[in-house]
Amino acid sequence: MTHAPFRRASLVPCLLLVLVACGKGGSPGPQGGPGGRGNGPVPVTSELVREQDWTDALRALGTVRAREAVTVTAKVSETVQQVHFESGQAVGRGAPLVTLSGQQQQALLASAEAALKEAEQLYQRQEQLARQQLVARASLDAQRATRDAARAQVAQVRANLADRVIRAPFAGVLGIRQVSPGALVTPGTAIATLDDVARVYVDFPVPETDLAGVGPGQAVSGTVAAYPGQRFEGTVETVSARLDAGSRAATVRADFANADGLLKPGMLVEVSVVRATRPALVVPEIAVQQVGTETFVWRVKPDGSVEKADVEVGGRIPGKAMLKAGIAAGDRIVVEGTGKLQPGAKVREGAAAVDAPAAK
């Protein structure tokens with residue numbers, strides 16, 4: 001019993017020796033992350049960057065505009081006598097739309113025509129007398145002037161009467177009727193809108209940097225929210241001669257056939273312009289990394305390590321990206337396995353597919 005404390009004290013050094021031994025022979029702690037010094041090269045799949053034929057589409061939002069559009073108005077102040085159209089009706093060029101009351105002008109026309117008839121008769125009599133040298137030539141000239149003035153007066157009254165019949169300036173589709181018989185109209189009063197929509201324009205902006213790839217005759221396609229799944233085909237007609245100083249974009253006008261009238265002025269159209277095929281640096285889209293405002297690829301250096309290469313993407317199509325700057329033809333970039341990389345990490349080519357089954 002007197003030796004029990006001594007035995008307990010002697011066990012302490014022994015336990016410490018056992019723990020030290022276990023620490024030396026146990027499993028090692030974690031060493032570094034992927035691509036760190038404690039691990040081997042990161043398995044990746046890479047490929048060489050090379051020039052390829054590139055065809056993409058420029059996308060923009062455009063607005064439908066009628067080929068011809070006008071708001072029909074009156075030229076004079078007068079009461080509506082008769083309306084010859086209904087809302088939404090298609091009319092031809094010159095078709096009468098509204099007839100205004102013209103009783104006063106009819107009376108003026110009758111008076112002017114009577115004055116013209118009398119002036120014509122007097123002129124013919126004086127002309128006969130002048131042939132017989134019974135009147136002076138000056139009297140005949142004065143009567144001729146009177147007759148011509150009467151003719152001009154008749155023409156003026158007839159023109160005023162013509163203004164009482166409002167006609168369609170071109171063929172098109174009328175909008176909502178704004179007047180009724182008996183209404184008083186004045187110059188500028190809207191009677192209806194008239195739009196020629198057999199063919200329509202779609203105007204859309206193109207940034208200054210993309211103008212070189214857009215020109216008259218290029219194929220254009222468009223979709224609208226009102227008809228999902230339906231695509232409308234057209235061609236570029238013209239490019240604006242001026243750029244907007246604020247947006248640095250030019251307005252491009254495309255021409256679309258619209259025989260069925262589905263495209264209506266004011267509609268929003270998602271436009272796609274197919275650009276010409278051209279050589280460019282094309283890489284798999286999965287190789288391009290986007291972190292915040294940073295866009296980059298992992299470039300493999302000659303010593304087998306990787307570095308970030310900031311790039312500028314010039315366009316995308318499904319599965320592919322065209323790079324405008326940041327890399328050159330002949331560079332090798334990482335395509336698969338990018339999630340494990342750090343700047344300066346070593347990589348080994350082609351091991352990702354081989355090691356994948358083993359990792360399971």
Side-chain angles (χ1 to χ4, degrees), residues 55-74 83-98 165-179 188-208 210-244 247 249-277 315 317-318:
T55 303
D56 63 350
L58 174 67
R59 301 185 183 278
L61 292 177
T63 302
V64 177
R65 302 189 186 280
R67 192 173 185 87
E68 302 288 351
V70 69
T71 298
V72 181
T73 61
V83 178
H84 304 284
F85 71 94
E86 295 297 334
S87 299
Q89 180 180 340
V91 295
R93 180 180 180 181
L97 303 179
V98 172
V165 179
I166 302 172
R167 301 178 181 274
F170 51 82
V173 178
L174 291 163
I176 304 298
R177 192 178 79 176
Q178 303 292 334
V179 297
T189 299
I191 294 172
T193 59
L194 178 63
D195 297 296
D196 178 5
V197 292
R199 302 190 69 86
V200 295
Y201 293 128
V202 175
D203 293 348
F204 57 94
V206 173
E208 178 183 1
D210 294 320
L211 277 179
V214 180
Q218 280 185 273
V220 180
S221 62
T223 58
V224 295
Y227 309 104
Q230 185 168 354
R231 186 167 292 274
F232 301 89
E233 304 296 334
T235 56
V236 174
E237 182 171 284
T238 185
V239 179
S240 173
R242 294 184 179 183
L243 272 66
D244 182 83
S247 64
T251 299
V252 176
R253 172 164 287 183
D255 179 59
F256 283 76
N258 191 39
D260 49 9
L262 296 181
L263 295 176
K264 300 184 182 301
M267 273 186 168
L268 187 67
V269 183
E270 185 176 346
V271 178
S272 178
V273 182
V274 178
R275 294 190 278 193
T277 301
I317 59 175

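Side chains included, hydrogens not; waters and symmetry mates left out as well; all remaining heavy atoms used. This one's a predicted model, so the numbers in the text were calculated from it and none came from an experiment.
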**Prompt:** Has the side chain of N258 got a donor or acceptor atom that lies under 3.5 Å from a matching backbone atom of V197?
**Reply:** yes
**Closest non-hydrogen atom pair between A168 and V91, with its separation** = CB-CG2, 4.0 Å
**Prompt:** For Q89, does the CD atom sit with more than 12 other heavy atoms under 6.0 Å from it, leaving out its own atoms?
**Reply:** yes
**Prompt:** To the nearest 0.5 Å, what is the distance between NE2 (H84) and CD1 (I166)?
**Reply:** 9.5 Å
**Asked** Would you call P265 and R65 a side-chain contact if the rule is heavy atoms closer than 4.5 Å?
**Response** no
**Request:** Determine the minimum heavy-atom distance between F204 and G62, stating which atoms define it.
**Result:** CB-CA, 3.7 Å
**Item:** Beyond-backbone contact of F256 with V64, side-chain heavy atoms, under 4.5 angstrom
**Value:** no
**Item:** Exam field: side chain Q218 to backbone G213, donor-acceptor pair closer than 3.5 Å
**Value:** yes
**Message:** Any non-hydrogen side-chain atom of V239 less than 4.5 Å from a side-chain atom of V252?
**Reply:** yes
**Request:** List the steps, then state whether side chain to side chain contact (heavy atoms under 4.5 Å, CB included) holds for D255 with R67.
**Result:** CA-CA 9 Å; D255 179 59; R67 192 173 185 87; 3.1 Å; yes
**Asked** Could you state the interatomic distance from CZ (R59) to OG (S221), rounded to the nearest 0.5 Å?
**Response** 7.5 Å
**Closest non-hydrogen atom pair between V271 and V273, with its separation** = CG1-CG2, 4.1 Å
**Request:** For I191 and F85, run side chain to side chain contact (heavy atoms under 4.5 Å, CB included): C-alpha distance rounded to whole Å, both residues' side-chain angles, the deciding distance at 0.1 Å, then the answer.
**Result:** CA-CA 11 Å; I191 294 172; F85 71 94; 4.2 Å; yes
**Smallest separation among heavy atoms of F170 and D196, with atom names** = CE1-N, 3.8 Å
**Complete:** Rounded to the nearest 0.5 angstrom, the OG1-CD distance for T73 and Q178 is 12.5 Å
**Message:** Treating E208 as the side-chain partner and A250 as the backbone partner, does any N or O pair qualify as donor plus acceptor under 3.5 Å?
**Reply:** no
**Shortest non-hydrogen separation from A190 to T71 and the atoms involved** = CB-CG2, 3.8 Å
**Message:** I'd like to know whether V269 forms a side chain to side chain contact (heavy atoms under 4.5 Å, CB included) with F232, so could you lay out the CA-CA distance, the side-chain angles of the two residues, the decisive distance to 0.1 Å, and finally the verdict.
**Reply:** CA-CA 10 Å; V269 183; F232 301 89; over 6 Å; no
**Request:** Please name the pair of heavy atoms, one in V224 and one in M267, separated by the smallest distance, quoted to 0.1 Å.
**Result:** CG1-SD, 4.5 Å
**Asked** Side chains of L97 and L174: does their closest heavy-atom pair fall under 4.5 Å?
**Response** yes
**Prompt:** Counting only N and O atoms by type, is there a donor-acceptor contact under 3.5 Å from the side chain of S87 to the main-chain atoms of R177?
**Reply:** yes
**Message:** For a side chain to side chain contact (heavy atoms under 4.5 Å, CB included) check, start with the C-alpha distance between V202 and R253, then their side-chain angles and the critical distance, and finish with the verdict.
**Reply:** CA-CA 6 Å; V202 175; R253 172 164 287 183; over 6 Å; no
**Message:** Contact between E68 and D195 at the side-chain level, heavy atoms closer than 4.5 Å - yes or no?
**Reply:** no
